[in-house]
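As a basis for the values below, the full set of heavy atoms in this structure was taken, side chains included, without hydrogen atoms, waters or symmetry mates. Everything numeric in this text was worked out from a predicted model, so none of it was measured.
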Amino acid sequence: MADAKVLLNHPTGNMKVPHFDAKNRSHAFFKGLPVTFLYTSCFVENFTSFFSLNKQGDGSYQFTLPLGGGPIAWTILEDVGKMTAGILERPEMIGKTLGSA
């Protein structure tokens with residue numbers, strides 16, 4: 001996993017993403033141990049807590065994410081449990097870094 005500090009020089013501005021740095025520290029801390037990392041995309045459940053709709057002047061609501069024209073992958077929390085259970089049932093997954101979307 002690349003060091004997230006490269007985002008600090010991103011052309012769109014001074015981007016700081018602490019959770020990326022935390023993931024990198026976790027990789028370093030657990031290096032050499034029988035650990036499996038599962039990285040997920042953004043959680044759908046964030047719509048009820050983290051993300052918010054912004055009321056516009058005309059009374060409508062707008063939801064904005066800084067994605068440009070690109071797509072975004074979503075993960076449902078219940079699926080994380082299922083993926084984790086599947087990983088734990090497969091010893092060949094030990095030591096892997098896995099992603100989901």
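- The two atoms that bring Leu38 and Ser100 nearest to each other are CD1-CB, 4.5 Å, heavy atoms only.
- When only modelled atom types and interatomic distance are considered, Ser41 and Thr75 share a side-chain donor-acceptor pair under 3.5 Å.
- Listed for the Glu45 side chain is a donor-acceptor partner under 3.5 Å among the backbone atoms of Leu77.
- Placement of Val35 and Phe29 within a single hydrophobic cluster is found when ILVMFWY residues are connected by side-chain heavy-atom separations under 4.5 Å, directly or transitively.
- Expressed to the nearest 0.5 Å, how far OG1 of Thr84 lies from CE of Met93 amounts to 13.0 Å.
- Atom CG of Asp79 is separated from atom CZ of Phe43 by 10.5 Å, given to the nearest 0.5 angstrom.
- Between the Ser60 side chain and the Gln56 main chain, no donor and acceptor come within less than 3.5 Å of each other.
- Here the closest heavy-atom approach between residue Leu98 and residue Ile87 is recorded as CD1-CD1, 3.6 Å.
- Under the 4.5 Å side-chain contact rule for hydrophobic residues, Leu88 and Leu33 do not share a cluster.
- Counting heavy atoms of neighbouring residues, nucleotides and ligands inside a 6.0 Å radius, atom CD of Glu78 does not exceed 12 of them.
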